[in-house]
Structures are given as structure tokens and as C-alpha cells.
Protein chains: 2
Amino acid sequence: MALPLRRRLPVLPLLLLAAGGLRAAERSGGSSSAMEELATEKEAEESHRQDSVSLLTFILLLTLTILTIWLFKHRRVRFLHETGLAMIYGLIVGVILRYGTPSTSGHDKPFSCSQEDRPFTTLLVTFDPEVFFNILLPPIIFHAGYSLKKRHFFRNLGSILAYAFLGTAVSCFIIGNLMYGVVKLMKLVGQLSDKFYYTDCLLFGAIISATDPVTVLAIFNELHADVDLYALLFGESVLNDAVAIVLSSSIVAYQPTGENTHAFDAAAFFKSVGVFLGIFSGSFMMGAVTGVVTALVTKFTKLHCFPLLETALFFLMSWSTFLLAEACGFTGVVAVLFCGITQAHYTYNNLSVESRSRTKQLFEVLHFLAENFIFSYMGLALFTFQKHIFSPVFIIGAFIAIFLGRAAHIYPLSFLLNLGRRHKISWNFQHMMMFSGLRGAMAFALAIRDTATYSHQMMFSTTLLIVFFTVWIVGGGTTPMLSWLNIRICVDSYKSALDGPDSERRNRTKQESAWLFRLWYSFDHNYLKPILTHSGPPLTTTLPSWCGLLARCLTSPQVYDNQEQLREEDSDFILNDGDLTVTYGDTTITANGSSGPHTATTSLDGRRTKSRSEEALECDLGAADHEVTSRGTRLVFPLEDNA
Amino acid sequence: MALPLRRRLPVLPLLLLAAGGLRAAERSGGSSSAMEELATEKEAEESHRQDSVSLLTFILLLTLTILTIWLFKHRRVRFLHETGLAMIYGLIVGVILRYGTPSTSGHDKPFSCSQEDRPFTTLLVTFDPEVFFNILLPPIIFHAGYSLKKRHFFRNLGSILAYAFLGTAVSCFIIGNLMYGVVKLMKLVGQLSDKFYYTDCLLFGAIISATDPVTVLAIFNELHADVDLYALLFGESVLNDAVAIVLSSSIVAYQPTGENTHAFDAAAFFKSVGVFLGIFSGSFMMGAVTGVVTALVTKFTKLHCFPLLETALFFLMSWSTFLLAEACGFTGVVAVLFCGITQAHYTYNNLSVESRSRTKQLFEVLHFLAENFIFSYMGLALFTFQKHIFSPVFIIGAFIAIFLGRAAHIYPLSFLLNLGRRHKISWNFQHMMMFSGLRGAMAFALAIRDTATYSHQMMFSTTLLIVFFTVWIVGGGTTPMLSWLNIRICVDSYKSALDGPDSERRNRTKQESAWLFRLWYSFDHNYLKPILTHSGPPLTTTLPSWCGLLARCLTSPQVYDNQEQLREEDSDFILNDGDLTVTYGDTTITANGSSGPHTATTSLDGRRTKSRSEEALECDLGAADHEVTSRGTRLVFPLEDNA
């Protein structure tokens with residue numbers, strides 16, 4: 001069930017497990033002449049040196065990027081995000097490598113069947129595509145999961161799942177079908193020089209449906225834009241990466257039997273659906289299970305006295321998720337995402353204060369380096385990749401298709417979701433979500449994974465252009481778009497947390513009552529949190545009486561001590577640097593699960609639409625906050641549990 | 001000038017730079033049958049899966065080690081260090097892999113010329129030896145340099161350099177010659193079944209002369225044993241790793257011309273010496289230069305407002321040292337060491353408070369993981385390495401040789417150093433240094449680098465045993481040895497910093513006057529620190545007046561502001577967790593460079609031998625400390641600069 005795309009040398013073995021002793025044994029054969037030995041040695045040394053130079057190029061690129069980012073942040077330049085910058089630097093180096101160095105073989109041949117002439121030797125930098133999947137993506141995705149703002153994520157869980165699953169599937173099929181039309185057109189006009197199957201189009205749809213949160217969310221974070229919109233966008237783009245990976249591998253797994261290998265075949269289709277469900281749920285399980293194991297280990301040992309050990313354990317367990325999933329034939333990247341979410345939700349509560357910041361910072365650095373590396377590599381690839389096929393018709397078609405594909409899932413889905421949501425997703429938010437669908441690292445990694453055939457090369461080139469375009473245009477346009485759409489930007493509201501907008505939002509928490517959220521919340525709060533962390537109500541009170549012994553074993557003694565200060569301790573948030581967010585009492589929902597009738601009037605569009613009576617209620621609630629605890633960058637506002 | 005030993009596939013390219021596109025191009029040839037393609041795909045997938053399982057084994061091993069370490073620390077067990085523990089777990093897994101899994105080829109053949117039968121396929125875990133050099137050692141060595149207690153290191157610089165350079169050379173030659181005698185003996189008795197040259201013996205001497213600081217120093221740290229002894233041991237073992245690497249590559253470079261390729265050849269010898277000096281100084285320069293560049297960048301930008309960027313830059317620059325050195329044909333590991341020292345001495349001062357802890361913690365985790373990985377791999381290798389050659393005569397000879405080799409450099413060198421030192425290295429300290437010469441990761445990495453010939457295999461097996469023996473025995477024996485040798489163990493002295501022993505040591509700082517230290521100190525204090533950091537006196541006062549403009553450009557405005565609080569700001573120490581050490585006023589030495597006549601009576605043996613008049617002087621000095629600043633775990637005691 002592993003990804004069938006994985007046909008090139010995997011990196012993991014390259015990374016760590018080359019059979020060194022074996023090679024030594026070959027040498028110990030002894031009969032090879034000393035001259036020969038010397039020659040291979042020289043060769044290996046030379047290649048080692050050249051590799052060092054290549055990596056050095058990248059490091060200098062990243063260093064340059066970092067310095068320029070600093071300059072931009074220093075001067076408060078917001079029209080270009082760091083990833084866009086990394087791409088530009090990559091582009092520049094790419095141009096230099098391409099036109100500045102003497103080349104051996106012809107560059108501009110769009111396609112050649114016998115490229116045995118080592119087309120890459122003159123161009124410094126090429127990576128095994130699996131590097132992206134096995135080394136660079138995992139920290140990025142894990143960080144996404146680990147830094148999820150959980151409260152808002154879970155509050156909008158239903159909508160996020162709908163956007164991620166249904167939305168991605170819709171987008172994939174619409175883009176796939178539109179592109180098939182484009183391909184047909186190209187064939188008619190005679191612009192297509194090789195095969196381009198329907199499954200290829202669908203694969204393109206899957207690849208290009210993976211939206212990237214990075215640029216938009218960085219700006220959201222900086223501007224402290226609306227947290228619900230943030231949660232929707234972030235949740236959607238994080239989960240839809242996972243969906244896109246699994247979807248693309250399911251499409252590759254779709255291989256109809258018989259003669260006509262690219263026609264529709266019901267059996268193969270259902271097999272693909274099965275593959276999708278199997279891989280997805282399997283990866284989900286793997287991630288959740290390792291997260292839960294880590295939570296249990298950190299709960300039942302006193303490891304928190306030794307932050308170094310704790311951090312190392314955390315890192316190892318999170319990494320093992322990836323390996324475990326890969327070893328079982330699931331998708332490591334997806335498993336890592338759910339592992340990150342689980343770790344943030346449970347394990348994080350058990351860690352010592354120092355380990356919390358350590359783990360957060362460790363993955364933040366890894367994420368930062370990996371992401372900028374990918375984006376600068378993208379810039380480089382535009383000029384140094386040898387087999388680009390830029391077809392104007394295909395590219396224009398693709399741009400139209402992704403626009404339509406995104407529109408076709410955001411607006412109808414929002415409409416459907418609004419039928420069930422108490423806090424409607426306003427038009428402004430919908431437009432913003434439509435606008436924010438930029439493509440990034442995941443689309444690139446999926447596209448570069450297989451560039452063997454004509455169709456895949458064309459898809460790769462097109463993906464690259466789409467990424468460039470969306471990152472620059474969308475990244476640069478986010479700030480004006482936000483103000484144009486009138487979406488609340490409250491730079492200081494997070495700091496002066498008791499002022500207007502936040503009290504308003506605090507109120508809304510009480511009003512939130514999506515059934516999925518409530519169901520999950522009470523299960524999580526009553527059983528999972530007490531089992532896996534030191535917080536929540538004691539199990540002895542929530543479990544039926546006949547499992548009293550078990551409940552007593554599993555409930556940590558701190559729970560009884562902490563019960564009063566429960567709401568403060570239950571750190572629901574992992575905050576990014578300089579990002580102040582408000583945490584609500586953990587038991588607000590259970591305390592007041594069915595929200596009052598006034599909620600229906602409060603829309604989610606970020607404008608203040610409250611009546612005066614609500615503001616009065618708010619003040620009452622504000623008075624109920626018996627303590628404002630400020631710990632570093634965390635502000636906790638416990639509400640009285642009046643259950 | 002690169003290491004000639006590097007004859008197996010280097011890891012770096014494996015790690016990141018496999019020509020993925022190339023392989024894709026091969027596939028795009030298109031003529032290969034689909035079946036064949038499917039077969040290689042299956043194969044690659046299978047190997048990927050197996051690699052995941054292997055890595056998973058290691059991760060579980062490390063997780064187990066971490067949990068047991070915690071248990072040991074929790075129960076205050078000190079007789080076994082974590083590295084010893086990792087080895088034991090490695091051993092156990094090795095035994096299981098060896099005897100628990102069905103094997104294909106014969107195990108116990110000591111040497112076979114045609115081992116083409118992939119002897120490693122049944123045994124899960126084998127790594128390219130270059131992994132150790134290119135991935136695992138750099139973070140360990142960098143961390144060693146970065147966490148160097150600089151004040152004490154520089155105070156004892158002369159002695160440390162003598163031990164590291166002269167000592168390692170002496171040890172290498174004595175062990176080499178003794179082993180050559182052993183080899184002759186074995187040949188006489190008929191115990192030697194293949195060639196074993198004199199150069200092999202010297203190489204063994206170089207490999208086994210690399211002492212490892214880890215175990216002893218961990219215990220020193222925990223017990224807060226004497227800081228000068230700590231500095232001597234740590235400095236020696238860190239630098240001697242560098243010396244041993246370069247020495248071993250110089251010995252390999254020693255290839256006499258003509259027929260008799262293993263006799264003495266003056267030309268080749270001097271060439272080897274030249275290679276040694278060239279590689280060492282080149283690597284030193286590389287490390288120092290990147291460190292200095294990082295310091296300048298962090299000084300002249302306001303990067304410290306963005307700790308993430310700062311940390312990323314720090315990480316990238318430190319890594320680039322390694323690559324730069326490798327690209328230029330020097331030794332990356334050595335360069336990384338000096339880079340670490342430079343970063344700690346200059347760059348660390350420019351970093352924001354958050355970045356300081358971030359960088360420290362980042363490298364601490366990397367170091368921890370890499371080290372325990374190496375040690376658990378060692379345990380594994382004892383049973384899973386296929387070409388062990390255990391020769392009892394050689395092993396016993398080696399143990400005697402390393403004992404004599406260590407004795408022959410510690411005692412005579414200490415005697416010579418004591419002639420020039422004001423603070424003698426007491427007998428107790430000498431015995432402790434003699435005892436602490438355990439072998440660890442570096443010796444192993446050097447030995448596993450080339451296991452191609454009979455002699456190298458025998459050397460590898462012997463090295464492994466020596467590492468095991470020394471880590472367990474010496475590691476376990478350190479605590480009793482310290483108390484037996486009457487070396488000060490002052491658990492609380494670091495905390496109650498104004499009490500006896502520390503005031504005593506504070507006094508000694510003033511008395512310290514090694515010429516090398518003073519020379520370096522004044523140059524560093526007057527020129528390097530002001531140029532590279534925000535501390536030290538303004539350059540306008542230290543540089544001659546004709547370079548006034550330059551001085552004004554290079555001096556940061558903070559220096560003028562900080563001048564009064566200079567002593568507090570100049571953080572000389574990077575402390576490990578829970579490790580409280582005392583910093584002395586930065587200008588003590590220049591202020592009172594030529595110490596009084598009373599210093600000659602104060603010996604360095606850690607017992608209180610001061611006269612009453614000295615204690616009175618101390619009180620005066622204590623009174624001069626106008627401020628006791630406590631910042632987190634750092635205690636700074638500024639002395640008045642009475643120059």
C-alpha cells in the first residue's frame with residue numbers, strides 16, 4: 001500500500017543505511033589493482049568535495065535569505081514573504097548556474113528520449129525528490145500540527161474536515177476534468193507531442209489541490225487577523241496536504257486491468273477509494289498512537305525533571321511515527337501531521353515548562369530551515385531543471401482550472417456549511433479563503449516526485465509556475481485584500497486582551513455549539529485528557545463506578561490537587577513567538593453547552609454586530625474571570641465552571 | 001589534502017545530493033519493460049521499508065536508553081553513565097540479531113577474500129562509516145567547543161595545548177611502537193595470519209590516542225568537581241580528538257616511495273608532518289573564520305530582535321564551516337570544533353537572550369542524540385560486525401600500550417608544565433588525568449572508517465573492546481576515584497558562591513599569570529572582543545590614533561553605553577543546565593596583570609593552602625564586588641577595574 005510513486009532511490013537508506021561494511025568487503029577482495037583503487041578514491045573524494053560545494057551554495061542562499069528577511073522585517077516590508085524571497089534568490093542563483101557556467105549538453109530540448117549524457121553534471125544542485133518527502137516535509141508538517149491553535153481548530157472541526165476532504169476531492173476532480181478538456185484541445189491544435197492520459201490529469205488535480213498555509217498565515221499571524229478565519233484556513237490547508245498526498249497515491253494506484261489501461265474501470269476505481277481510505281486511516285492511527293504513547297510515557301514518568309531527556313524522547317517518538325508509518329506502508333508525512341496534533345493536545349500538557357519551549361523552538365527552527373530550503377530550491381529548479389515543458393495552453397488552462405476548482409469548492413461548501421453553522425462563514429471570509437488558496441511546498445514535492453514522462457514533466461513545470469505566481473501575488477496581496485474585505489485586523493487586541501474584540505470572541509466561545517465539536521469535546525475532556533495528561537476531571541468521577549480501580553490507577557495524583565486551578569493549567573494553546581492569544585476556561589462548553597438564543601445574531605464576519613444586552617452579559621462574564629494569569633506570552637482567562 | 005581514508009561512498013551525497021533527476025532521465029528512456037520497472041519499484045519499496053525498520057530499531061533503543069537514564073538519575077545511580085547504558089542496550093539487541101535471527105552465511109570466518117555474499121543482509125543494521133564523520137560527530141564536537149568553559153580553558157591554555165599536541169603525539173608513537181613489538185611477537189608465535197605494517201601500528205596509536213570527555217566530565221559536572229581539573233581534562237580531550245583525526249590522516253598520507261613501501265622514508269615523513277600542519281592549521285582557520293563572520297553579522301545587524309532568524313543563521317553558519325572545510329580538503333570535524341569555540345567566545349555575546357538558550361539547547365539535543373546513537377551502535381557492532389578479529393595477544397598488548405602511552409605523556413608533561421606553572425598540577429590531579437583517559441566515540445569513528453584489511457579489522461575489534469572497557473570501568477570508577485584522590489567535590493559551593501572554596505578560586509584568577517594566557521587575553525580583550533562583540537573597551541581607546549575612523553566604525557554604540565556595566569554584560573560562560581559557575585571581572589588580569597608574590601604558595605590541588613593574610617586580601621576583594629547579579633543560572637561577580 002506504500003506510495004507506488006516511490007520508484008527512485010529512496011533517501012532513507014542513502015541517508016543512513018548504506019552498507020558500508022559491504023563496500024569494505026568488496027575492497028578486501030584484494031585482487032583489484034592499487035591504481036584502480038586510487039582512482040575510485042580520487043573520484044569519491046572529488047564527488048564528496050563537489051557535494052560540499054553544492055550544499056554550501058544552498059547554505060549561503062539561505063543565509064542571504066535570512067539576512068534579507070531581517071531587513072524586511074526591520075523595515076516592516078510586508079509585500080514579500082520570506083518564502084517568496086527565498087524563491088527569488090533561488091531564481092537568481094539558477095540563472096547564474098544556467099547561463100553563467102559553461103554547459104555541456106543542449107539545454108532547450110524540451111524532450112529527449114536518450115538523455116544518458118548526464119544532463120545534471122554541469123548544474124551544481126540536484127536532489128533526490130524523495131529528500132523532500134523523507135527529510136524536508138516531515139518537520140514542516142509536524143510543526144504545522146504541533147503549532148495548531150487547537151481551540152479554534154476544534155471549534156471549526158466540522159467545517160475544516162468538510163473543506164479538507166470534500167473540498168480537496170471536488171477541486172481535484174474539477175481540475176482534473178478541466179485539464180483533460182485542455183489536453184483534448186491541445187491534441188486538436190497539435191500542441192501535444194506525447195501521451196497525456198486522463199489519470200495524469202486527475203493526478204495533476206490532486207497535486208495542485210494541496211494549498212499551502214505558510215505565506216497567508218504568516219501575515220495573519222503578524223496582523224493578528226481574525227482567529228476563526230485563521231483556524232479555517234490553517235486547518236484546511238494542513239489537512240488538505242494530507243488528503244492530497246493520499247489522493248495522489250490512490251490515483252497512481254488506479255490501474256485498470258485489461259487492454260484499455262486508461263479508461264474508467266469501476267473495480268479499479270473502488271480499489272483506489274479503498275486505497276485512499278486505508279492509507280489515510282492507517283496513517284492517522286499511526287500518528288495518533290505514537291502521540292498517545294508519548295503522552296502516556298511523559299505522564300507516568302518523572303521525565304520532566306530532565307528537560308534534555310524529555311526533549312530527546314519527544315523528538316525520537318515523533319520521528320518514529322514517520323518511520324513506523326513508512327515501514328507499515330502508510331504515508332509518513334500524514335502520520336507525522338496527526339502525531340503533531342496529538343502531541344500538542346496531550347503530550348504538551350505533560351512536558352516541563354522548559355521542554356515546552358525547547359520542543360517548540362526545535363521544530364520551529366527545523367520547519368523554518370526546511371521550508372526556506374524548499375522554496376529556494378524551487379527558484380533554482382525553474383532554471384536548472386533540464387526537462388521543463390512549458391506549454392502556454394496548458395499553463396493558462398491550469399490557472400483557469402485552479403481558479404474554478406477553488407471557487408467550486410469554497411462557495412458551495414460554505415453555503416452548505418452555513419446551513420448548519422450558527423456562526424455563518426460570511427462572504428468576506430469566503431472571498432478571503434478563495435483568494436488564499438496558494439500552492440507551495442507540498443504541491444512542489446508531489447510534482448517533483450515523478451518527472452519521468454512527458455505528461456509529468458509538463459505538470460511539474462506548470463506546478464512550478466503556479467507556485468511562483470500564487471506565492472508572489474497572493475503573498476503580496478494578502479494585506480490589501482484583508483483591509484479591502486474589511487476583515488478585522490486588530491494589531492493590539494491580543495495584547496489588551498480585556499478590550500472589545502476579544503471579550504466579544506470570548507463570548508462567542510460560549511455560544512459555539514457545533515454538535516461534532518461538543519461530542520468530541522466532552523469525550524476528550526472527560527476521558528482522554530484525564531487518561532493522557534495531568535489535567536481534566538478525575539477519572540473516578542467520569543468513568544462508571546465498576547472501573548473504579550482502573551480509574552484510580554490512570555488518574556494522576558496531580559489531578560486532585562490541580563482540580564481548582566485546572567483551567568489555568570490546561571494549556572490549550574501553543575503560541576508562536578510574539579503571538580498572544582486568549583485561552584478560555586476549559587469547561588466553558590460543558591458548563592453552558594447549549595448556548596443562549598442570542599447567538600444566532602452574532603455572525604462570524606468579524607464586524608461588531610452585538611447588541612447592548614450582549615455587551616452587558618460580556619461584562620458579567622468578564623467579572624467572573626477571577627484571575628488573569630500572565631505567564632510569559634500566555635494569557636489565560638479562566639471562566640467559572642458553573643456546572 | 002583531504003583524508004585519504006575516505007574511500008567508501010561518502011554520506012553527504014547520499015544524504016542530500018543523489019542525482020534524482022538523472023535517475024528519472026534513465027527511466028524516461030522508455031524502452032525498459034513495464035515489468036522490469038515494476039520489479040525495481042517493488043525492490044526499492046522493500047528496501048525503503050527495511051531501512052525504516054532498522055532506523056526504528058535504533059530509535060526504540062534510544063528511547064529505552066532515555067527511559068533508563070531517567071530511572072538512574074531519578075534513583076541517583078552513578079556507577080553507569082548513559083553512554084555505558086546505551087552500549088549495553090546495543091549489546092543486547094546485537095545478541096538478539098546475531099543469535100535470534102536465521103543467518104545465511106558463516107559468521108565466524110575471521111577473514112575471507114571473497115565475501116561477495118552480502119554478509120550484512122541478514123543483520124539489520126549497518127551504517128556507512130562516513131555517517132559517523134559527516135553526520136554524527138560534527139554536532140558532538142561542535143557542542144564540545146560551544147560549551148567550553150572558556151575562562152578556565154584559556155587560563156590553562158598552555159597546558160591544554162601541550163597535553164593535546166605533544167601528549168597525543170607522544171602517546172601515538174609510544175603505542176605505535178609498543179604495538180609493533182606486539183605484532184613482531186605475534187608473528188614469532190605464529191598468531192598473525194596476514195600483513196601488519198609499522199604504519200598500521202602507528203595508525204592504531206593515533207586512533208586510540210583520542211580520549212573522550214563524555215563520561216568523566218558528565219560526572220564532574222554532576223559532582224561539581226574542581227573546575228581547573230575539569231578544564232584540563234575537557235580541553236585536552238576535545239583538542240586531542242582534533243589532533244588524533246589529523247594525525248591519523250597524516251599517517252595514512254605517509255606513503256614512502258620506491259620498493260620498500262613500509263620502511264622509514266625521511267621525505268615521506270616530513271611530507272606527513274607537513275600534511276598534519278597544513279590540515280590542522282587550515283581547519284583551524286576555517287572554523288575561526290566562519291565563527292568570526294557569524295560574530296560580525298550578528299553584531300552589525302539587529303537580527304537579535306528575531307531569535308528564530310538568529311538561531312537559523314547561527315546553525316547554518318556553523319554547518320557551513322564543516323562543508324567549507326570539506327570542500328577545501330581540510331577536516332570538517334576539526335573546523336567545527338574551532339568554530340564552536342569562536343562562536344562561544346564572540347558570537348554568543350551578540351545573541352539575544354532567547355537565541356542563547358535556543359542555540360545551546362539545539363546543539364545539546366543534537367549532541368545527546370548523536371552520542372547515544374554512536375554508543376548504542378558500538379554495542380550493536382560487537383555482535384553484528386561480521387569481520388571481527390579478536391587476537392588475545394594483540395588485545396592484551398593494546399591495553400598495556402594505552403596504559404603506558406597515557407602514563408608516558410601525563411606524568412612527564414605534567415612535570416615539565418609544573419616547572420613553568422605557578423599553580424602546579426598536583427599529583428592527585430595527574431593521577432586523575434591518567435585514570436580519566438577513556439576512549440569513546442572518536443576512537444570508534446576513526447577505527448570503523450577503514451575496516452578493509454586484516455590489520456584494520458583487528459584494530460577495529462581491539463578498539464571496540466578498549467572503548468567498552470574504559471567506558472564501563474572508568475565511568476563507574478570516577479566517583480570513588482575522585483574521593484580516593486581527595487579531589488574537591490563541592491556540591492553546593494557553586495551555589496553559595498561567596499563561601500570558602502569559590503572566593504578562593506576567585507582569588508586565584510588574579511594570581512593567574514601564564515604568559516600565553518596574558519598575551520592572548522590582552523589581545524583578545526583590547527581588539528578582538530571590541531571588534532566582534534558589543535563588549536570590551538571602545539576601540540577608539542585601544543587602537544592607535546591614526547586608525548580612529550576605522551575604530552569608530554567598528555565600535556558598536558553599545559560599548560560606550562555599556563562601559564560601566566561592562567563586566568556584567570561580558571558573559572564569559574556558557575553554562576550547562578543546573579551548572580552554576582562564577583564569572584570573574586573581565587579586566588582583572590589587565591588590571592593586576594603581574595600578580596603578587598603570594599601566588600607561588602597556592603597550589604592547584606584543590607585543598608585550601610592559603611595563609612591567613614591571603615584570606616584577608618580576599619575579604620577586601622570581596623568587598624570590592626559592588627554588585628552580585630543573579631540572572632537565571634548565571635552569577636556574575638564584577639571586580640572593580642582599577643587600571
Side-chain angles (χ1 to χ4, degrees), chain A residues 2 6-10 12-25 27-28 30 41 44-45 47-49 51-56 59 62-63 66 70 74 113 115 120 126-129 131 301-303 308-309 311-313 316 320 323 326-327 358 361 364-365 368-369 451-452, chain B residues 2 6-10 12-25 27-28 30 41 44-45 47-49 51-56 59 62-63 66 70 74 113 115 120 126-129 131 301-303 308-309 311-313 316 320 323 326-327 358 361 364-365 368-369 451-452:
Chain A
R6 193 177 293 126
R7 49 191 85 191
R8 266 150 271 115
L9 258 179
L12 226 60
L14 300 178
L15 171 58
L16 282 177
L17 291 158
L22 198 63
R23 252 166 262 126
R27 257 195 68 232
S28 79
E41 195 177 298
E45 209 173 282
S47 98
H48 176 77
R49 195 169 300 185
D51 297 335
S52 298
V53 172
S54 316
L55 263 182
L56 212 55
I59 289 186
L62 288 185
T63 310
I66 289 175
W70 162 71
H74 190 60
C113 270
Q115 264 179 335
F120 278 99
T126 37
F127 287 76
D128 188 314
V131 166
T301 61
K302 287 215 177 63
L303 215 57
L308 173 62
L309 296 184
T311 310
L313 185 89
L316 288 176
S320 75
L323 295 173
E326 293 285 321
R358 273 182 179 227
Q361 292 170 354
E364 199 184 355
V365 168
F368 177 84
L369 290 176
T451 53
Chain B
R6 191 177 297 128
R7 51 190 83 191
R8 265 151 270 115
L9 258 179
L12 227 58
L14 300 179
L15 171 58
L16 282 177
L17 291 158
L22 197 64
R23 252 167 262 125
R27 258 195 68 232
S28 78
E41 194 176 297
E45 208 174 282
S47 98
H48 177 77
R49 194 168 299 185
D51 297 335
S52 300
V53 172
S54 315
L55 263 181
L56 212 54
I59 288 186
L62 288 184
T63 310
I66 289 174
W70 162 70
H74 191 60
C113 271
Q115 262 181 336
F120 279 97
T126 37
F127 287 77
D128 188 314
V131 166
T301 62
K302 287 213 176 64
L303 212 58
L308 174 61
L309 297 184
T311 311
L313 184 89
L316 288 177
S320 76
L323 296 172
E326 292 285 321
R358 273 181 180 230
Q361 291 170 355
E364 200 184 355
V365 168
F368 178 83
L369 291 176
T451 53

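Basis for what follows: all heavy atoms, side chains included, without hydrogens, waters or symmetry-related copies. Reminder, nothing fancy here: chain letters follow the sequence lines and each chain counts from 1.
Here Leu56(A) pairs with Ser320(B), Leu323(B), Leu324(B) under the side chain to side chain contact (heavy atoms under 4.5 Å, CB included) rule; sequence neighbours left out.
Rounding to the nearest 0.5 angstrom, the gap separating the CZ atom in Phe368(B) from the CG atom in Leu308(A) is 5.5 Å. In this structure, CD on Gln361(B) lies 6.0 Å from CD on Gln361(A), to the nearest 0.5 angstrom. Note that CG of Leu309(A) is 11.5 Å distant from OG1 of Thr63(B), once rounded to the nearest 0.5 Å.
Shown here for Glu326(B) and Ser52(A), the closest heavy-atom pair between the two residues is CB-OG, 3.6 Å.
Proximity to chain B (any heavy atom under 4.5 Å) is restricted, for Thr311(A), to the side chain, taken from C-beta onward. Only the side chain of Leu369(A) comes within contact range of chain B, with at least one heavy atom under 4.5 Å from a heavy atom of that chain.
Comparing Leu62(A), Val365(A), Leu303(A) by how many heavy-atom pairs each has under 4.5 Å with chain B, the most go to Leu303(A).
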